[in-house]
Amino acid sequence: MSLPIDFIVLALVVICGIVAISVKDLMAAAIVFSAYSFLMCLSWAVMGAVDVAFTEATVGAGVSTVFCVAAVFHSTRRTKD
Amino acid sequence: MEQIFTAMGAKYNYVAYIILMMVGLYAMIVKSNLVKKIIGMSIFQTSIILFYVSTAYKTGKTIPIVPYDAHAAVQAADFINPLPHVLMLTAIVVSVATLGVALALAMKIYRQYGTLEEDDIHEDLRSEEGKS
Amino acid sequence: MKITGLLTVIICGALLTYYAMDFPDFGDGRSPANTYLSPHFLENTMHDAHVPNSVTTILADYRGYDTMYETTVVLTAGLACFFLLRRKESTSPPARFFRHVPTGLTLRIEEGGKLPAENSKVFTRIDSLWAPDSLIIRNTCRLIIAFVQLFALYVVAHGHYSPGGGFQGGVLLGSSIILFSISNDLRRTLKRFREKTAAVLGAIGVLIYSGTGFVCLLMGAHFLNYEALSPLLGLKTGDPMARSHGIFSVEIGVAFAVMSVMIWIYYNLSSAGKHDEGL
């Protein structure tokens with residue numbers, strides 16, 4: 001039995017989400033969160049929500065990553081958890 | 001137990017949304033770093049959007065752009081439901097706006113207290129209260 | 001704290017899983033969410049507004065109020081970032097860095113030292129957390145930005161026929177300016193697109209949206225009922241093209257607002273409110 005593509009994408013999304021909150025470096029968390037957003041956008045495109053996927057690709061994977069990186073750049077990269 | 005698994009097999013999108021929601025909620029409650037909390041909030045938001053988009057899906061149907069012909073009869077059952085898409089499109093743009101404001105607040109807190117950890121901020125606040 | 005949090009999360013997840021069992025199956029076309037209202041929108045979008053992309057029709061016409069206040073929310077977020085972070089640029093920073101363009105040397109000028117002229121061709125100011133000057137990054141971004149902006153205009157204009165619209169096009173336009181700011185520096189970007197411009201354009205975007213609604217009101221119809229615009233556009237009464245053009249003008253307003261607010265938030269976040277040194 002071959003796994004459907006949306007199942008694989010959803011599994012990757014869950015993995016990225018868990019990594020994004022558990023990694024000890026905030027810059028890495030921001031970048032993994034960008035990957036999470038892009039995979040989520042992929043899964044919505046598979047489900048036929050093209051407008052939502054387009055918005056998430058520009059907003060979630062693009063601009064919000066820049067915001068996160070800017071905020072981390074001007075505060076601190078270190079975190080205790 | 002077994003029937004739960006067979007029922008969930010047909011609804012794996014809902015399982016994924018519940019797991020992501022739990023991840024986001026866990027980050028918001030347990031993590032003490034403010035940026036981690038904000039990322040958790042964003043994960044929570046996207047999980048809700050995933051839920052709405054999943055409810056709109058119809059197996060084997062096409063995207064909600066109808067043919068460019070004013071007189072052709074459109075069978076609504078042949079297209080994916082566009083209404084949840086619209087609601088979630090606005091939700092995504094609002095989520096980036098809230099992310100910006102939340103990060104601005106975190107930066108302001110860092111400027112004031114020199115840390116992003118919640119415990120240290122609480123300690124600072126307590127010692128300030130003790131002085132006055 | 002950790003145990004309580006984990007327990008709350010697990011209880012929440014268990015309850016949600018229990019109730020998720022009662023949902024209709026994934027991909028079921030006859031579920032309640034897919035039956036009552038949305039078939040009406042799908043069947044009438046061409047007839048009412050002459051717009052094939054039903055998402056755009058619902059966004060800007062059937063649910064126009066929602067989108068209008070959402071644009072206002074975006075503008076409010078920009079204002080909130082401005083009031084939270086913005087502060088005066090410090091007049092004498094501790095040390096400034098300059099690059100000697102012909103040789104590529106980096107100079108560090110201490111406080112009180114003689115600074116080169118503001119418009120000097122030989123020395124350019126660089127950020128204190130500077131990265132090495134890269135020809136590849138600068139020129140690639142210079143090439144890409146024009147195409148990003150062109151694509152953004154296409155997305156705004158073709159929101160009626162393909163995925164896209166005001167939000168996506170606005171964010172793309174904003175990200176092209178952000179890309180310029182990252183590949184060059186913030187001061188040069190601020191010279192080309194000032195903060196005041198961003199604030200005014202954001203307000204103008206919301207004004208275009210609500211102004212379209214008010215024109216409809218003046219023509220004797222309901223707020224945001226674009227059918228009333230047909231005499232102004234030289235169309236027959238009841239022509240669906242009037243709604244199509246109304247949706248287009250609204251999308252332009254959304255694109256303006258979203259573009260300038262994204263840039264505005266980026267300016268404030270990337271320089272921590274000082275507007276002197278960016279990423």
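These figures come from a predicted structure and were not determined experimentally. Letters go in sequence order (proteins before strands), and every chain restarts at 1.
- Between Lys61(B) and Asp78(B) no salt bridge is recorded (no basic side-chain N to carboxylate O distance below 4.0 Å).
- Per-residue counts of heavy-atom pairs under 4.5 Å with chain B were compared for Thr58(A), Leu26(A), Val50(A), Val72(A); the largest is that of Leu26(A).
- Heavy atoms of Leu20(B) lying under 4.5 Å from chain A belong exclusively to its side chain.
- Using a 4.0 Å cut-off between charged side-chain N and carboxylate O, Glu118(B) and Lys31(B) make no salt bridge.
- Contacts of Phe67(A) with chain B are made by both backbone and side-chain atoms, with heavy-atom separations under 4.5 Å.
- Between chain A and the options Ile19(B), Asn33(B), Ile63(B), the largest number of non-hydrogen pairs under 4.5 Å is found for Asn33(B).
- Across Ala30(A), Ala70(A), Gly48(A), Cys68(A), the residue that shares the most heavy-atom pairs under 4.5 angstrom with chain B is Gly48(A).
- Among Gly100(B), Gly40(B), Ser32(B), the residue with the largest count of heavy-atom pairs under 4.5 Å with chain A is Ser32(B).
- A donor-acceptor contact shorter than 3.5 Å links the side chain of Glu117(B) to the backbone of Lys80(A).
- When each of Val35(B), Leu50(B), Val96(B) is scored by its heavy-atom pairs under 4.5 Å with chain A, the top score falls to Leu50(B).
- More than 12 heavy atoms of other residues, nucleotides or ligands shown are found within 6.0 angstrom of CZ on Phe73(A).
- For the set Lys36(B), Lys58(B), Arg111(B), the count of heavy-atom pairs under 4.5 angstrom toward chain A peaks at Lys36(B).
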